[in-house]
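Every chain is numbered from 1, with letters handed out A, B, ... down the list of sequences. Since the structure is predicted, the reported quantities are computational estimates derived from the model, not experimental observations.
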Number of protein chains: 2
Amino acid sequence: MKHLVRTSKNLGHAIREARKAKNLTQKELASMSGVWQETISKIENGSGGAKLETVFDLIAALELEITVTERSKGTSDGLEDIF
Amino acid sequence: MKHLVRTSKNLGHAIREARKAKNLTQKELASMSGVWQETISKIENGSGGAKLETVFDLIAALELEITVTERSKGTSDGLEDIF
DNA sequence: GAGCATTATGATGCTCAGATCATACTGCGG
DNA sequence: CCGCAGTATGATCTGAGCATCATAATGCTC
């Protein structure tokens with residue numbers, strides 16, 4: 001699954017889905033990533049600007065990857081899961 | 001061009017390239033995005049965890065998009081510009 | 001190399017994220 | 001219901017990002 005991310009909320013959503021897909025609890029992710037469970041909760045709910053570093057820690061622990069590309073002009077090129 | 005991003009430094013690099021590709025100065029980007037030129041400089045040089053919001057502001061102004069996907073197991077699937 | 005444009009660095013004050021602990025809320029199984 | 005696992009919320013404190021201004025360093029062009 002591919003997540004187009006434009007806001008903190010989007011990112012939080014993507015992270016939550018990835019975590020659930022791996023059947024991890026916030027607490028487990030916390031000990032894996034070094035980020036506190038409380039902080040993960042806030043980030044997943046998109047509660048305001050987290051720090052980049054923190055997000056990268058989570059991304060790494062969840063074995064996700066982030067790519068930056070030029071915005072596809074034709075709105076959606078079809079398959080992304082935009083939310 | 002597609003940038004695989006794992007660290008703040010990567011992101012900064014991607015942002016700088018995108019800015020240059022659009023022939024914008026940091027100052028111009030600053031007034032477009034509402035982020036200070038000094039802050040842009042720091043972010044482009046990957047000087048520590050910027051805030052997500054700030055980065056999203058730049059991403060939006062540069063008409064880039066961020067996608068989050070599962071990490072491709074087979075190292076590189078070939079074409080990304082990893083740095 | 002002078003001079004201007006661009007980018008980097010330094011200092012300060014405010015604001016807020018994150019660490020930390022405690023606790024409240026929300027399912028869900030029994 | 002009750003209790004437990006999971007998640008969210010609240011408070012405090014510390015540290016760091018960002019706005020802001022000033023200035024230094026760098027890069028170009030002539």
Enumerate all atom pairs, one protein N or O and one N or O from nucleotides 6-11 of chain D, separated by less than 3.5 Å.
from: D:dT7; atom 1: OP1; to: A:Arg19; atom 2: NH1; distance (Å): 2.9
from: D:dT7; atom 1: OP1; to: A:Arg19; atom 2: NH2; distance (Å): 3.3
from: D:dT7; atom 1: OP2; to: A:Gln26; atom 2: N; distance (Å): 2.7
from: D:dA8; atom 1: OP1; to: A:Arg16; atom 2: NH1; distance (Å): 3.4
from: D:dA8; atom 1: OP1; to: A:Arg16; atom 2: NH2; distance (Å): 2.8
from: D:dA8; atom 1: OP1; to: A:Asn45; atom 2: ND2; distance (Å): 3.2
from: D:dA8; atom 1: OP2; to: A:Arg16; atom 2: NH2; distance (Å): 3.1
from: D:dA8; atom 1: OP2; to: A:Gln26; atom 2: NE2; distance (Å): 2.6
from: D:dA8; atom 1: OP2; to: A:Ser41; atom 2: OG; distance (Å): 2.8
from: D:dA8; atom 1: O5'; to: A:Ser41; atom 2: OG; distance (Å): 3.3
from: D:dA8; atom 1: N7; to: A:Gln37; atom 2: NE2; distance (Å): 3.2

All N/O contacts under 3.5 Å from nucleotides 24-26 of chain C to the protein, with atom names and distances to one decimal?
none

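An angle of 50°, rounded to 10°, separates the two end axes of the helix from C:dG1-D:dC30 to C:dG30-D:dC1, each defined over five pairs.
Among the nucleotides C:dT20, C:dA17, C:dG18, the one closest to the side chain of A:Ile43 is C:dG18.
Residues A:Leu11 and B:Val68 meet the side-chain proximity criterion, which asks for heavy atoms closer than 4.5 Å.
Here the closest heavy-atom approach between residue A:Glu53 and residue B:Ser8 is recorded as OE2-OG, 2.7 Å.
Scored by the side chain to side chain contact (heavy atoms under 4.5 Å, CB included) test, A:Thr54 finds A:Val35, A:Thr39, A:Ile43, A:Lys51 as partners (sequence neighbours excluded). Scanning for salt bridge (charged side-chain N to carboxylate O under 4.0 Å, His left out) contacts around A:Glu38 gives an empty result, with sequence neighbours left out. Residues that satisfy the side chain to side chain contact (heavy atoms under 4.5 Å, CB included) test with B:Thr69, not counting sequence neighbours, are A:Lys2, A:Glu65. Residues meeting the salt bridge (charged side-chain N to carboxylate O under 4.0 Å, His left out) test with A:Lys27, sequence neighbours left out: none. Applying the salt bridge (charged side-chain N to carboxylate O under 4.0 Å, His left out) rule to B:Glu63 yields the partners A:Arg71, B:Lys22; only residues at least two apart in sequence or on another chain are considered. Checked against side chain to side chain contact (heavy atoms under 4.5 Å, CB included), A:Glu70 has the following partners two or more places apart in sequence or in another chain: B:Met1.
Distance, A:Glu53 CD to C:dA17 P: 16 Å, rounded to whole Å. Between B:Lys51 atom NZ and D:dA19 atom C1' there is a gap of 10 Å when expressed in whole angstrom units.
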Salt bridge (Lys or Arg N to Asp or Glu O under 4.0 Å) between A:Arg19 and A:Glu28, worked out: CA-CA 10 Å; A:Arg19 179 175 60 79; A:Glu28 288 168 328; over 6 Å; no

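Between the side chain of A:Ser33 and the backbone N or O of A:Leu29 there is at least one donor-acceptor pair closer than 3.5 Å.
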